[in-house]
Each structure stands twice: as structure tokens, then as C-alpha cells.
*Asks:* 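My questions will all concern the structure given below.
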Amino acid sequence: MIKEAYKIAILAGDGIGPEVMVEALRVLDTVAAKFDFVIEKTEKLVGGAAIDAVGEALPADTLAACEDSDAILFGSVGGEKWNSLPPEKRPEVGALLPLRKHFDLFANIRPAGVLPALKNSSPLKPEIIGEGFGFTILRELTGDVYFGEKNRGEDFASDLMIYRQAEVERIARIAFQLAKKSRNKVTNVDKANVLATSQFWRKIVEEIHAKEFPEVELNHLYIDNATMRVLTHPHDFDVILTGNLFGDILSDECAQISGSIGMQASASINSENFGLYEPMGGSAPDIAGKGIANPIAQILSVAMMLDIGFGELAAAKAIKLAILKTLEDGFRTGDIFTEGCKKVSTSEMGDAIISRIK
Ligand code: IPM
Ligand code: MN
């Protein structure tokens, strides 16, 4: 039987985006050949590159290509050059937020953890890391202050923090489903000691838990406490469920304790399981064009797309194992380099991973 091709919109963006995307696509082609599936890629402009070419961060034909695809593989956007634009026109906000809203990508899955091979790159103490750890941050991505009504007066400004029942219900369900496939534990993170939105959020999470997932362990932490607990007790966590703003901050903290933000990928999916897959880090203009960026986050974005988006589990696993092996064999880009390892370029890292897939 001939499988239908997976159509992917490739939005490499700015800074290191295009150079790490090259490696990710080489890896994708490698697993497609090995696991016998077909990929149809459509490359489009996004972010600063799109502003320069056509005057807007998310051009209509880029959006149309995304609509016509089975998944979006995103690089990173932004840079000094566009920082003088009004915030909503800048590459990051002007491209990412409309994409999230347009496709209703409400569930943002951000894995965190320290791989045994990268223990020395994490800022955490070895006794806290132990044999390594891993957990998942599930961040609600289309509500909260990000999308609530905004007002600006002469002497005031406001961003409305708002969550509706259905928004909380659907993200809570995803959290419990993820936990069931993992270690069966959800930690809800909010600010219910102060915020009405958090009290409402927590009540709904508890209802969904009691009605639909009583077999999953559920506990709650306030966001301020959670920022400390992930540093002191990272082994305690399995799935962290949280809102858009808290999740933005907490996921960056967790990316940092993982060793390098250049290692972290994320998935943003909607209720039809259509998703945008991207590295958590930014476009890193300071190192762009030098061939030294770490391509692993972009390559792991491909693995997440194959896993979550397409159910190509064997191919996703082959990529993840090849990355582990490459790290165990001592290959390091500058961001994760420690004494005694082999320092490699972006493309050499790609080569090393590809040779371990074949
Ligand atoms: C992220 C980013 C975005 C966010 C910005 C660029 C709008 O920080 O994906 O975490 O705040 O969500
Ligand atoms: Mn962020």
C-alpha cells in the first residue's frame, strides 16, 4: 500500500533558524527513507525575513501554505533589526501569536529534563540531578493575558487575564492524558491564593480530575513555589499543567536547567491534533551565520512532529536514540561543550546524528 505523503509547511525564519532547519530536514529525509514514508515540504517566509520581503511577519501565502499542510515545522524568528517596530508588528509577536490563534493551538507541550550525558552542562548540582530526570510542562497557549482585552490610556494600561470554562477543561484533559502515558501524576501550577482566574482554573481542573481521571495523582503548587521546587526537587514532577503566562516563564526556567535552551523542542497542538513544532529557544542573532548553533532542538522538533503529529513512532524514536548516542559519544556544539568532549559545528552535529540513524 502506498502511504499518502505528509505535507509540511517549513517556516525557518531568522537568525539561526535557517541553518538549524537544514540539519533538521536532512534528518527528516533520512528517517523518511529508512522508515518508508514520504514528505512533501513547502518552504515559506516568516518573521523578520517576511517583513523584509513583503512587509509583514506572517504573509497570507505563508498562512495559506500552513492551512494546506499536515503540520508546521517552525524555526525561530526575530532580531535586532526589527526591534524598533511596534511590539505587535515584530517578528515574534506578529508571527507566532497569530499562528497560535489562527489554528487554535491551545496545548503547548514543552519537555524538560537533564539527560545523563549532559549532567555537566546543567546549572543544577549533581546531587540534585542524580541519574537525570525528565518531565513535561503543558502550557495553555491561546488564553490568559496574552489574548485578553488590552487597554492603554494616558495614565494606565491593562491586559485582561481571562480563562473560560471550556478552555480550562480541554487543557486539563490533555494534562491527564499525558500523565496516563507517563508516570500518572499532574502538578497544577497557578496563583489561586490571589487570582480569581486561578481559583476558577483550579476548580475546573479538580472537577475534570474527579469526573474523568480519578486514577491520576493530582496536586497543586503556587507558581512562586513551583519556580523553586523545579530547582530543588525536579524528580517530583511528571506533568506540570499551567496557564499561558506562568507556563511561558516556568518553561524557560526549566529549559535552562536542562543544560541548554538549544536542546529543547516544543509542540503546540489543537483539538484536531494539527500542530506547530519548534525549538524553545529564539533566533540567537549573536551566533547566526557562524555554523556553530546547536541543531538538536530543531531536530527534536522533527521527532515530536513525527511522534505526536503523524504517529511515526519508530522514526521519532530512532531520532531520539541517535541524539542520545551522539551525545554519549562526546559530540558537543559550543552551548553544551564541556572539557574532554569533541566540539563540533552545526552541520557536523547533523552528520553525527544522521550517521547514527542509518
Ligand atoms: C514563547 C515565546 C513567545 C511567548 C513570544 C515570542 C511571543 O516567548 O514561545 O515562549 O511569550 O509565548
Ligand atoms: Mn517564552
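Numbering of ligands and ligand atoms starts at 1, following listing order.
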*Asks:* Here's a test for you: under side-chain contact (heavy atoms from CB on, under 4.5 Å), which of T242, T187, V230 qualifies with L221?
*Replies:*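 That would be T187; it is the only one of T242, T187, V230 passing the side-chain contact (heavy atoms from CB on, under 4.5 Å) with L221.
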
*Asks:* Assess the pair F74 and Y277: is the distance between their ring centroids shorter than 6.0 Å?
*Replies:* no

*Asks:* Answer with side chain, backbone, both or neither: which part of R90 has a heavy atom less than 4.0 angstrom from an atom of ligand 1?
*Replies:* neither

*Asks:* Which protein non-hydrogen atom lies closest to atom 7 (C) of ligand 1, naming both residue and atom, and how far is it?
*Replies:* L97 CD2, 4.0 Å

*Asks:* Which protein non-hydrogen atom lies closest to atom 1 (C) of ligand 1, naming both residue and atom, and how far is it?
*Replies:*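 The protein heavy atom lying closest is R110 NH2, 3.4 Å.
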
*Asks:* Just checking: D248, one of its N/O/S atoms, less than 2.8 Å away from the Mn ion (ligand 2), yes or no?
*Replies:*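 Checking D248: at least one N, O or S atom is under 2.8 Å.
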
*Asks:* Write out the residue and atom name of the closest protein heavy atom to atom 5 (C) of ligand 1, then the distance separating them to 0.1 Å.
*Replies:* E92 CB, 4.7 Å

*Asks:* Check K185 with D236, please: is the shortest side-chain N to carboxylate O separation under 4.0 Å?
*Replies:* no

*Asks:* I'd like to know if K41 pairs up with D29 as an ion pair, taking the criterion as any Lys NZ or Arg NE/NH1/NH2 lying under 4.0 Å from an Asp or Glu carboxylate oxygen.
*Replies:* yes

*Asks:* Check each atom of ligand 1 against the heavy atoms of R139 and keep those under 4.0 Å away; list them by number with element.
*Replies:* 1 (C), 4 (C), 9 (O), 10 (O), 11 (O), 12 (O)

*Asks:* Run the ring-centre check on Y6 versus F37 and record whether the distance is less than 6.0 Å.
*Replies:*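 Aromatic pair counts; centres sit under 6.0 Å.
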
*Asks:* Quick one: nearest non-hydrogen protein atom to atom 9 (O) of ligand 1, plus distance?
*Replies:* R100 NH2, 2.7 Å

*Asks:* What protein heavy atom sits nearest atom 4 (C) of ligand 1, and how far off is it?
*Replies:*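 Atom 4 (C) of ligand 1 sits closest to the protein heavy atom Y146 OH, 3.3 Å.
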
*Asks:* Between I296 and M349, does the side chain to side chain contact (heavy atoms under 4.5 Å, CB included) criterion hold? Intermediate values first, please.
*Replies:* CA-CA 8 Å; I296 293 181; M349 183 61 98; 3.9 Å; yes

*Asks:* Where does E278 meet ligand 1, judged by heavy-atom distances below 4.0 Å: at the side chain, the backbone, both, or neither?
*Replies:* neither

*Asks:* With a cut-off of 4.0 Å, which atoms of ligand 1 are near a heavy atom of D248?
*Replies:* 1 (C), 4 (C), 8 (O), 10 (O), 11 (O)

*Asks:* Can a salt bridge be assigned to the pair R202 and D190 using a cut-off of 4.0 Å between side-chain N and carboxylate O?
*Replies:*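 Result for this pair is yes, salt bridge flagged.
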
